[in-house]
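Have a look at the structure below, then the notes.
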There are 4 protein chains.
Amino acid sequence: MPARQIQVAVVGSASADHALLSVAEDVGKKIALAGALLVCGGLTGVMEAAAKGARSGGGTVLGVLPGYAHCQANQWVDIVVPTGLGHARNAVVVASGEAVIALAGGAGTLSEVYLALKLGRPVVVLGNWVRPQGALHAQTPGEAVSKALSALTPSRR
Amino acid sequence: MPARQIQVAVVGSASADHALLSVAEDVGKKIALAGALLVCGGLTGVMEAAAKGARSGGGTVLGVLPGYAHCQANQWVDIVVPTGLGHARNAVVVASGEAVIALAGGAGTLSEVYLALKLGRPVVVLGNWVRPQGALHAQTPGEAVSKALSALTPSRR
Amino acid sequence: MPARQIQVAVVGSASADHALLSVAEDVGKKIALAGALLVCGGLTGVMEAAAKGARSGGGTVLGVLPGYAHCQANQWVDIVVPTGLGHARNAVVVASGEAVIALAGGAGTLSEVYLALKLGRPVVVLGNWVRPQGALHAQTPGEAVSKALSALTPSRR
Amino acid sequence: MPARQIQVAVVGSASADHALLSVAEDVGKKIALAGALLVCGGLTGVMEAAAKGARSGGGTVLGVLPGYAHCQANQWVDIVVPTGLGHARNAVVVASGEAVIALAGGAGTLSEVYLALKLGRPVVVLGNWVRPQGALHAQTPGEAVSKALSALTPSRR
């Protein structure tokens, strides 16, 4: 039986500009090309662009929703977890990643960054939008994915 | 783009006897053979047997865990959601199914049956171990899977 | 410093008839008169009647809500916990009680009964509407409150 | 019937130095003296010092725990909500405050600050340890409590 796929969560703004969406799509694609599964919040913006990218790279997308309806997931999500937990679903998003890549975002994204750090998940911040203690940093999608995978526990690399 | 797979949750005892495990394995296999994805609690007993069956039928298994460690999932789980929510994860298990099949179990399983009914998810009880108002009933794995899929909203059948 | 008050959760239907509401109010009042704090779901029906009863007995009421708005609590709630967790809040309601008294209800109430039993909280079912394995039973409000308090761990009686 | 008490959440490090504990105690006391109820995470450090302060001011303390055991609450907590939700309990802590005061802390505290901002709760950061967009700032316990109360919706001031 082949080993279970590595799971990488991508977090970021639900309403991003074109440049950030393009970066998110590239991150998602590189996660897929590395053979990993994308975890995201399943909605719009960075979540949707990363999901689209992962699918374009032949990958699989897990979407963890705040509500109860599967149909609220964006069209690129393969597997839906409708938690019904509201904002507490942010904790489930980051817990589901074995590593977390954070693109620019607002308070919701930052809550995910800090919950991930609190949980001990490796966190890679892409770009210079925030410098949380304990996080890794990357300037390109390729560097972010590479650092996320390198930060996994040895048995999962 | 092909439509997203139907997701069917299977709930039941974490410590089942051989006969119940065999039924669970058959339910999992028939879910996979019908082209649906299996959602389960990711641990032992009915959860593990259903997962094993789904894999033997070529299917995919989503495991929604109470703790934070991916490695707590049984070996048949493909995709892990380590919620860290304790018993509140039961609500996420059943919310993740578009329909729920309930095999015999104790208080934890019954909490899932009633949470699923409260959420409005179709619930099929397999066997005569309980008769909750609003649930469907089946006597065989094949009948259970068939009734679960028939109970989906028309757009998902 | 006086010992912390005993906390007793009361669960039951959100839309009850007059007879059941009267029973709920009496249960709430007897909890207060016993010097315990009432925990409930903070909304209507049994939750509201029990809260009203507790206040009439000079007691304090904790309401654990499914949404985020404090103002959704009924008028008898003193202290509000707006969880935002949807149906997963049922797990928080029963976890907050050191014992749980269950009046007649539907699927939501039954999910609370079984979550409480799974958690190991003593559960007293008032009336003959259901007979869950492991629960205690009572026929009157006074008997229910008495059995709930007697079932606490020795250090809390 | 008197109006329900205002609820103010205080968040901060679970392992604070003497100076920070002294500030936390003063914040808790001033919340109580203003007639408000203190919400906290119920454990050690800032949570415990704020709770002690609130009690010394004659106030009431609500402790929202990550685990299931009431006895894990510190000795100053009057009312315990043992959520069993792990780190997702942070969302319940801040949702339970009608305003949130944040003392210095690490990733867990910062996750609470950003969850509170995402929820739309007024957040007052005490000291210069972080400058989140949308938060209010204060330099003394008195200023923090005053700003928190002034930031409430008009009907609750």
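Quick note on labels: first sequence line is chain A, next is B, and so on, each numbered from 1. Hydrogens, waters and symmetry mates play no part in the numbers below; they use all other heavy atoms, side chains included.
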Under 4.5 Å from a heavy atom of chain C, the part of B/Ala88 involved:
both

Let me know if C/Ala107 has heavy atoms under 4.5 Å from chain B in its side chain, its backbone, both or neither.
both

Interatomic distance, CG@B/Asn90 vs CG@C/Leu115, rounded to 0.5 Å, equals 6.0 Å

In terms of heavy-atom contacts, does NZ of C/Lys147 have more than 12 from other residues, nucleotides or ligands at under 6.0 Å?
yes

Compare every heavy atom of B/His87 with every heavy atom of C/Leu119, then report the nearest pair and how far apart it is.
CD2-CD2, 3.3 Å

Taking heavy atoms only and a threshold strictly under 4.5 Å, list by residue number the residues of residues 120-143 of chain B that touch chain C; give 'none' if the list is empty.
none

